[in-house]
Amino acid sequence: MLIRITLPLLGLLVVSGCNRPVPPDPDKRPEPQATALRDAVQAPLEKAKAARETLEKAPDTRAADDPAIQP
């Protein structure tokens, strides 16, 4: 007899504890979550671009070292 009263009351207690989640504020933009991944991908690319620019600005010293490549 006690089980017939206890189980429905326990069920009501569990169901009453469930609430809808609070919706996010529509005026606030969500926080970006992929910035770490983007930074990890962009860092080597930026380093390679900087190295390429350095090499393009450097004078061509191979021609001075090798007499066979004289213009």
Side-chain angles (χ1 to χ4, degrees):
M1 178 91 156
L2 183 64
I3 293 178
R4 288 186 181 186
I5 297 172
T6 307
L7 286 178
L9 288 177
L10 183 62
L12 286 174
L13 181 66
V14 169
V15 171
S16 67
C18 299
N19 293 330
R20 289 181 131 179
V22 177
D25 187 15
D27 295 333
K28 185 179 178 185
R29 296 185 63 141
E31 297 280 334
Q33 297 177 356
T35 56
L37 178 62
R38 183 188 64 219
D39 293 342
V41 170
Q42 290 295 328
L45 293 175
E46 290 173 1
K47 186 176 178 181
K49 287 178 184 178
R52 182 178 185 176
E53 289 175 2
T54 303
L55 289 175
E56 288 176 352
K57 290 179 183 177
D60 191 11
T61 58
R62 289 182 295 156
D65 295 339
D66 193 4
I69 308 180
Q70 294 297 326

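In this text, all values refer to a predicted model and were calculated from it rather than measured experimentally.
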- Please check if atom CG in L45 has more than 12 non-hydrogen atoms from other residues, nucleotides or ligands closer than 6.0 Å. yes
- What pairs of residues pass the side-chain hydrogen bond (donor to acceptor under 3.5 Å, both in side chains) test when at least one of them lies in residues 44-59, not counting sequence neighbours? R52-E56
- How long is the span from the CG atom in L7 to the CG atom in L2, to the nearest 0.5 Å? 9.0 Å
- side chain to side chain contact (heavy atoms under 4.5 Å, CB included) with R38: which residues, sequence neighbours excluded? T35, Q42
